[in-house]
Amino acid sequence: MVEENYPDLTPEELVVRLAQNKGEAILPAAGEEDIVISADTIVVLNGEILGKPKDEEDAFRMLSSLSGNTHLVHTGIALLSHEKVETAVVSSRVTFRELTSQEIWDYIHSGEPMDKAGAYGIQGLGSLFVSHLDGDFFAVMGFPVCRFAELMSSFGVEILSLRRQF
């Protein structure tokens, strides 16, 4: 179980802490030369963190509050070895168009929002709600690919040169 209760942290600090906690939970099982990669994503609207919905009504509440508004998505990433830890956060601003109650319920009944922060997945049907994105699409999806490659280079791993090895 990973600790998730850190009331004194900012959302950006929290998401990095959560990502690092996930990695630290796995690290003892990793080999000496392994790099553990972990990430976590949170959605923040007007200072409120919107986690994964508890049930369909909670998903409806979240999606209704996101409707017609701009919110922040913070994704923390952590790379850990037995010798080193590197962390980062990537933040993006996502704007939803106005949604009808019927659209929200149809989306909820698809099942997609029930295991996602903020009750939506930008990579799936939730993309139908996004009218504007200012930031990193992959970070909103849950894994900031560009920042990951930069962090890997701090471990001496250049992603593009790995291609030559296979």
Side-chain angles (χ1 to χ4, degrees), residues 1-45 47-55 58-59 62 66 70-95 110-130 132-166:
M1 189 70 172
V2 174
E3 173 64 39
E4 293 191 3
N5 187 19
Y6 296 96
D8 296 333
L9 299 181
T10 66
E12 296 89 343
E13 293 167 336
L14 173 64
V15 77
V16 168
R17 180 73 259 176
L18 295 175
Q20 189 170 341
N21 286 357
K22 287 180 177 180
E24 288 170 348
I26 301 299
L27 189 60
E32 285 303 311
E33 294 186 23
D34 291 342
I35 301 170
V36 173
I37 303 159
S38 56
D40 201 273
T41 301
I42 60 173
V43 171
V44 181
L45 177 66
E48 178 189 358
I49 295 174
L50 304 179
K52 295 177 183 176
K54 297 175 189 65
D55 53 30
D58 195 31
M62 288 183 198
L66 294 173
T70 299
H71 59 277
L72 294 169
V73 177
H74 303 294
T75 297
I77 184 168
L79 279 64
L80 304 90
S81 71
H82 292 285
E83 304 296 319
K84 182 178 187 171
V85 175
E86 293 285 340
T87 63
V89 63
V90 178
S91 300
S92 303
R93 294 174 57 83
V94 179
T95 303
S110 78
E112 184 176 283
M114 301 314 296
D115 66 342
K116 294 178 180 53
Y120 77 96
I122 196 170
Q123 70 276 20
L125 294 172
S127 64
L128 299 172
F129 303 151
V130 177
H132 185 77
L133 168 64
D134 182 15
D136 182 341
F137 174 82
F138 294 103
V140 176
M141 248 179 61
F143 193 77
V145 176
C146 180
R147 193 67 181 108
F148 162 71
E150 293 171 342
L151 291 175
M152 285 295 284
S153 68
S154 72
F155 283 84
V157 178
E158 298 300 329
I159 301 295
L160 288 174
S161 39
L162 287 177
R163 187 170 171 262
R164 291 190 300 261
Q165 296 176 16
F166 297 102

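Since this is a predicted model, take the numbers as computed values, not measurements.
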Distance from [X] atom [atom1] to [Y] atom [atom2], nearest 0.5 Å?
| X | Y | atom1 | atom2 | answer |
| --- | --- | --- | --- | --- |
| Asp40 | Asn21 | CG | CG | 9.0 Å |
| Asp58 | Lys52 | CG | NZ | 13.0 Å |
| Ile42 | Glu12 | CD1 | CD | 7.5 Å |
| Phe155 | Glu33 | CZ | CD | 13.0 Å |
| Cys146 | Ile159 | SG | CD1 | 11.0 Å |
| Thr87 | Glu13 | OG1 | CD | 11.0 Å |

Please report the shortest heavy-atom distance between [X] and [Y], naming the atom on each side.
| X | Y | value |
| --- | --- | --- |
| Gly126 | Glu112 | N-OE2, 3.0 Å |
| Arg147 | Ala88 | NE-CB, 3.4 Å |
| Pro53 | Pro113 | CG-O, 3.3 Å |
| Val44 | His71 | O-CB, 3.3 Å |
| Met114 | Ala59 | SD-CB, 4.0 Å |

Result block: side-chain N/O donor-acceptor pairs under 3.5 angstrom for residues 72-80, not counting sequence neighbours:
residue, atom, partner, partner atom, Å
His74, ND1, Ser91, OG, 2.6
Thr75, OG1, Thr41, OG1, 2.9
Thr75, OG1, Ala139, O, 2.5

| N/O donor-acceptor pair under 3.5 Å between Ser38 side chain and Gly23 backbone |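 It does hold such a pair.
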Does a side-chain heavy-atom distance below 4.5 Å link [X] with [Y]?
| X | Y | answer |
| --- | --- | --- |
| Val140 | Val130 | no |
| Val94 | Tyr120 | yes |
| Gln123 | Lys116 | yes |

| Is the Phe148 ring parallel, tilted or perpendicular to the Phe143 ring (thresholds 30°, 60°)? |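 Geometry flag for Phe143 against Phe148: tilted rings.
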| Taking everything shown except Phe137 itself, do over 12 heavy atoms lie less than 6.0 Å from its CZ? |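 Yes, the 6.0 Å shell around CZ holds more than 12 heavy atoms from other groups.
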| Can you name the salt bridge (Lys or Arg N to Asp or Glu O under 4.0 Å) partners of Glu86, sequence neighbours left out? |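 Here the qualifying residues are Lys84.
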